[in-house]
Engineer: 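Shown below is the structure under consideration.
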Amino acid sequence: MRTTIRDRIESALGESCRGIAGDPAPQIVLETPRDPRHGDLATNLALRIAREKGGKAREIAEQIAVALKGNSNFCPPLCERIEIAGPGFINLFIAPQALQGELALILSEGDRYGASAREGRAKIQLEFVSANPTGPLTVAHGRQAAVGDSLARILSRAGYSVMKEYYLNDRGKQIRLLGHSTLQRYREIFGQKAEIPDEGYKGSYIKDLAERVRVRDGDLWLRAGEEEAIAFFSNCAVEEITAGIVKDLADFHVAFDHWTREREFSESGKIETCIEFLRGRDLIYEKDGAIWFRTESLGDDKDRVLVKSDGERTYFAPDIAYHRDKFEQGFDRVIDFWGPDHHGYVARMRAAVRALGYSDARFTPVIVQLSTLFRGAQKLSMSTRAGEFITLRELMDEVGVDATRYFFARMRTESHLNFDLDLAKKRSNDNPVYYVQYVHARVCSMYKKLNEKKPGFSLPAWENVRFDLLREREERDLIKRLSDFPLAVEQSAAALEPNLICNYMEDLAAAFHQCYTEHTVISEDDSLTAARMGLAEGVRIIVRNGLDLLGVAAPESM
RNA sequence: GCGCCCGUAGCUCAGGCGGAUAGAGCAACGGAUUUCUAAUCCGUUGGUCGCAGGUUCGAGUCCUGCCGGGCGCGCCA
C-alpha cells in the first residue's frame, strides 16, 4: 500500500526536526495557505519549537529547511522548493511529479484511496434518531438521521467499526397514552362520545390507525374491557408506527444495524442487575420511599431517583442499564445523538458511565440542535402530541432525499438552523448538492462523448498515461484538491461532523468546474486527452466516494 | 437564579490544534455558450467576526466579564 503525499511530507518533517526539537517531538501541522505564493503546504513547526524550547523561530526554520534539502527522499521527488517566510513559516512547493504520482495512486486504488492506512480502529456504537413510536418521524429526527447515518459512513471509511443503533421506547406512560388516544378515536368512528385527554395524541395519523382497526376487526374492541382494549391499541399503534418509521428511514437511505426494544430490555433482568451493581459500589440509597443514585458525587448537579416511591422506575434506570449493556457488548466507544431537550441529561449520564467504571473518553453524547422551520416569515410550531409538525416524509417528498440529506449534513451539528420551507423548495435547483452531483454527471458525459468525438480512440491503461502532460495551473490545483480527500475524511471523523465532507466536496467541485471551463479534455492530441480523462476519472472516483459518505446518489446524467 | 448551545456580509452558513490580506452560496449588478451538459465559469458590490478587557510574535479561534437569542433545570418521558 503506497502512502499519500501528505503522509510522506509529514514523516519527512518529523525526521528533519528530530535533532532540533528534542523530545517529545512536536506534532506536525500542515496547512494549505490561502495565498498560493505561500506554497502548496505550509507548517508552523519552527514557531511551535521556538515556543516550547526557546530560540529564534526563523533560525530553527532554516535548520529544518537545510535538513529537508539534504533528505534525498524529500527534496527532489516530493518538493521542488522550500521557503522560510514571515515569523518562521516553512512553505513547501510540491514537485509536479509528486502530484502526478498522487493522481496515479488515486486511479490505481480507486474506492480504497486513502482509506486503508488506518484499518482496525476502535469499535463504535452510534445511536441516533431513537424516536419514540408515538408518531411519524419529524424534521428534527430527519436531521439526526441524515447526520448520524453520514457520520457512520464516514467513521467506517476512516477505519472504525461502526454499529448503528436505534433504541425503541415501546412501553411506559406515553405508549399507554398513545393506545388510549387511538382507542378513543376508534370509539368516535362508532359514534360514541370519546374525549382525547389533554396530554393525549391528536395527530390525524391516530384516526387513520383507528380506522384501519375498524376495517379489520369491526366493532370487536367496543366490547372488550378498558384495560384489554388500551393494551391492544397500544401494541397495535406501536407496531404500525414503528413500521412507518422503518419505511421512512429506508426511503431516506438509512438502515439501522440493530434495534433495542425497551420492553424486551426491561424483561431481560439487566436493569435489576445494574441497580445491584451500583448498590455494590455503595452508590444507591433509599430516601422518602424512593431509590436514589448518588450521581452528585460523580459530577451531576444532584442525586437522581431510579425507582419512585410508587414502585415505578424512572426513565433514567433502564437508560443506565442500557448503556452498561452497550459497553458489555464490547464497544470501545459509545456515541449518542440526543435532541436539545436532553442536554440536561448529559451530566447525569456521564455520571452513570463513570459509576459503571468506564472512562469519560469512551462515552460521547452529541446534542443535535433543532431546525426551526419557517414558511416564509411564519414560524411553525412543532408538537407531536398536538399533531402540528412537518414530517420527514413531507420534507423528503417535497425537497427530495438527496437534497434533504445533503442540506442537513451540511450544517454543523450543534448549530441552530433556520430553515424556510418555501425557500428550500423554490430554490431546490440552487442547492449545493446539485452543484456537486453535476460534477459526476459531467464526467460521465465525457466518457459518452469520447467515442463520438474521437472514433477509434481507446483509453490506455492508466499506468501507461503520461500525467506529466497535466501542466496547467487549474489541473495542478485539482489534483491537490483530490489529494486532500483522505484528510477531509479523517478530520470529519475526528470532529464527528459530516459538514466537513460537504465543505470539501464543494471546494473540489469548484476546482473541477473551473478546470473544465478553461481546458477542453477531448482534443486532437491523444496523449493529452488520455491524461485529462485520467484526471476527470480521479475526480469521478472521489466525488462518488464523497457523495456515498453522505448517502447521496452520484447520478450519471442530470 | 444555575447550566449547555449559539451570535461572522442583506439572507443561509463555512472557517482542523491560534497563523500570513476573514470565505462560499443565495440575493443585486456586469460579462462568457458555432466547443466535452450554462444545474457551469469570470468579474463587481457587500464585514466594528455581538461588546469590552486579557493571554502572545500573532486572536473570528483560547481566557474573563457583560449584552442578545435558543434550550434545559421533576419521584416527567
Side-chain angles (χ1 to χ4, degrees), chain A residues 27 29 31 33-35 37-38 42-44 47-48 50-51 56-57 85-89 91 132 134 169 172-175 177 199 287-292 301-302 304-316 319 339-347 367 369-370 372 407 410-412 414-420 423-424 427-439 441-450 452-454 487-488 490-492 494-495 497 499-500 502-503 506-507 509-510 512-523 529 532-533 536 557-558:
Chain A
Q27 198 170 6
V29 179
E31 51 191 37
R34 236 190 327 268
D35 187 335
R37 286 172 302 179
H38 297 148
T43 179
N44 60 357
L47 291 151
R48 277 169 180 268
R51 166 169 282 188
K56 291 191 175 149
F89 292 107
N91 295 334
N132 291 351
T134 52
N169 190 341
K173 193 182 276 184
Q174 293 306 320
I175 297 303
L177 200 53
E199 296 292 298
K287 190 181 82 178
D288 305 331
I291 295 177
W292 294 72
D301 296 341
K302 52 182 257 190
R304 305 290 174 177
V305 170
L306 295 184
V307 182
K308 296 182 276 182
S309 53
D310 65 3
E312 283 286 310
R313 285 191 295 251
T314 62
Y315 193 80
F316 191 32
D319 236 14
D341 55 332
H342 274 65
H343 78 243
Y345 214 66
V346 171
I367 301 298
Q369 287 293 345
L370 285 179
T372 309
F407 184 84
R410 195 166 180 260
M411 306 303 169
R412 235 175 43 221
E414 297 203 345
S415 292
H416 297 264
L417 134 71
N418 288 331
F419 181 8
D420 184 338
L423 220 58
R427 290 201 204 151
S428 61
N429 271 6
D430 293 326
N431 191 307
V433 71
Y434 298 111
Y435 183 74
V436 175
Q437 286 183 317
Y438 187 47
V439 172
R442 266 188 153 173
V443 176
C444 291
S445 164
M446 280 164 42
Y447 274 98
K448 290 173 201 148
K449 269 284 179 312
L450 195 56
E452 204 175 297
K453 287 184 74 175
K454 289 175 77 72
L487 182 70
E490 185 61 21
Q491 289 179 339
S492 182
E497 287 283 8
N499 87 309
L500 296 177
C502 297
N503 293 348
E506 288 167 39
D507 287 347
F512 170 79
H513 288 312
Q514 201 177 327
C515 191
Y516 179 95
T517 304
E518 289 292 321
H519 308 291
T520 304
V521 172
I522 304 169
S523 67
T529 299
R532 287 185 171 164
M533 282 304 293
S557 66
M558 289 174 71

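Quick note on labels: first sequence line is chain A, next is B, and so on, each numbered from 1. Values reported hereafter were calculated over all heavy atoms of this structure, with side chains retained and with hydrogens, waters and symmetry mates removed.
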Engineer: Sticking with atom C1', work out how far B:rA27 lies from B:rG46, rounded to a whole angstrom.
Structural biologist: 11 Å

Engineer: Counting only Watson-Crick or G-U wobble pairs whose two distances fall under 3.5 Å, which nucleotide matches B:rC76?
Structural biologist: none

Engineer: If you assign A:Lys453 and A:Pro33 each to the RNA chain B nucleotide with the nearest heavy atom, which residue ends up on the more 5' nucleotide?
Structural biologist: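 Taking each residue's closest nucleotide, the earlier one in sequence belongs to A:Pro33.
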
Engineer: In whole Å, measure the gap between the C1' atoms of B:rC51 and B:rG69 for me.
Structural biologist: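 Between the two C1' atoms, the distance is 15 Å.
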
Engineer: Paired with B:rG60: which nucleotide, if any, by Watson-Crick or G-U wobble criteria at under 3.5 Å for both distances?
Structural biologist: none

Engineer: Strictly below 4.0 Å: does A:Lys302 bring a side-chain N or O up to OP1 or OP2 of B:rC75?
Structural biologist: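 Checking A:Lys302 against B:rC75: at least one side-chain N or O falls below 4.0 Å of OP1 or OP2.
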
Engineer: Please report the distance separating the C1' of B:rG72 from the corresponding atom of B:rU12, rounded so that it comes out in whole Å.
Structural biologist: 27 Å

Engineer: Roughly how far apart, to the nearest Å, are B:rG70 and B:rG15 at atom C1'?
Structural biologist: 23 Å

Engineer: From B:rU40, B:rA14, B:rU35, pick the nucleotide closest to the side chain of A:Tyr435?
Structural biologist: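 The answer is B:rU40.
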
Engineer: Could you give the CH2-to-P distance, from A:Trp292 to B:rG74, as a whole number of Å?
Structural biologist: 10 Å

Engineer: When you measure from the side-chain N and O atoms of A:Arg410 to the phosphate of B:rA24, is any distance below 4.0 Å, counting only OP1 and OP2?
Structural biologist: no

Engineer: Could you please name the partner base of B:rU35, counting Watson-Crick and G-U wobble pairs only when both distances are under 3.5 Å?
Structural biologist: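 No nucleotide pairs with B:rU35.
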
Engineer: Tell me the interatomic distance from A:His513, atom NE2, to B:rC36, atom P, rounded to whole angstroms.
Structural biologist: 17 Å

Engineer: If you measure from the C1' atom in B:rA9 to the same atom in B:rG47, how many Å do you get, rounded?
Structural biologist: 6 Å

Engineer: Taking pairing as Watson-Crick or G-U wobble with both contacts under 3.5 Å, can you name the mate of B:rC71, or confirm there isn't one?
Structural biologist: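 Matched B:rC71 with B:rG3 under the 3.5 Å cut-off.
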
Engineer: If we take the P atom in both B:rA22 and B:rG65, what is their distance in whole Å?
Structural biologist: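 After rounding to an integer number of Å, I get 30 Å for this pair.
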
Engineer: Could you let me know what B:rG18 is paired to, Watson-Crick or G-U wobble, both distances under 3.5 Å, or none if it's on its own?
Structural biologist: none

Engineer: Go through B:rC36, B:rU21, B:rC6 for me and flag the one nearest to the A:Asp35 side chain.
Structural biologist: B:rU21

Engineer: Using both distances under 3.5 Å as the test, list the Watson-Crick or G-U wobble partner of B:rG10, or none.
Structural biologist: B:rC26

Engineer: What class does the angle between the rings of A:His342 and A:Tyr345 fall in, given that below 30° is parallel, 30 to 60° is tilted and above 60° is perpendicular?
Structural biologist: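 The rings of A:His342 and A:Tyr345 stand perpendicular, inter-plane angle above 60°.
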
Engineer: Find out whether the Lys NZ or Arg CZ of A:Arg442 is both under 6.0 angstrom from the six-membered ring centre of A:Tyr516 and within 45° of the ring's axis.
Structural biologist: yes

Engineer: Check this one for me: any side-chain N or O of A:Lys308 less than 4.0 Å away from OP1 or OP2 of B:rA77?
Structural biologist: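 True: A:Lys308 side-chain N/O within range (under 4.0 Å) of B:rA77 OP1/OP2.
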
Engineer: Quick one: which of B:rA77, B:rC36, B:rG70 gets closest to the side chain of A:His416?
Structural biologist: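 Selected nucleotide: B:rG70.
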
Engineer: Nearest to the side chain of A:Glu31 - B:rG70, B:rC75, B:rG19?
Structural biologist: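 The answer is B:rG19, which lies nearest to the side chain.
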
Engineer: Please pick, from B:rC75, B:rG70, B:rA20, the nucleotide with the shortest atom-to-atom distance to any side-chain atom of A:Ala85.
Structural biologist: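 Shortest atom-to-atom distance from the side chain points to B:rA20.
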
Engineer: Say we look at B:rG3 and B:rU64: how far apart would their P atoms be, to the nearest angstrom?
Structural biologist: 12 Å

Engineer: Give none if B:rG65 has no partner; otherwise give the nucleotide forming a Watson-Crick or G-U wobble pair with it, both distances under 3.5 Å.
Structural biologist: B:rC51

Engineer: Using both distances under 3.5 Å as the test, list the Watson-Crick or G-U wobble partner of B:rG46, or none.
Structural biologist: none

Engineer: Would you indicate what A:Leu47 reaches in the nucleic acid, counting non-hydrogen atoms under 4.0 angstrom: base, sugar-phosphate, or nothing?
Structural biologist: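 Since a base atom lies under 4.0 Å of A:Leu47, the category is base.
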
Engineer: Give me the distance, rounded to whole Å, that separates B:rG53 from B:rU61 when you measure between the P atoms they each carry.
Structural biologist: 14 Å

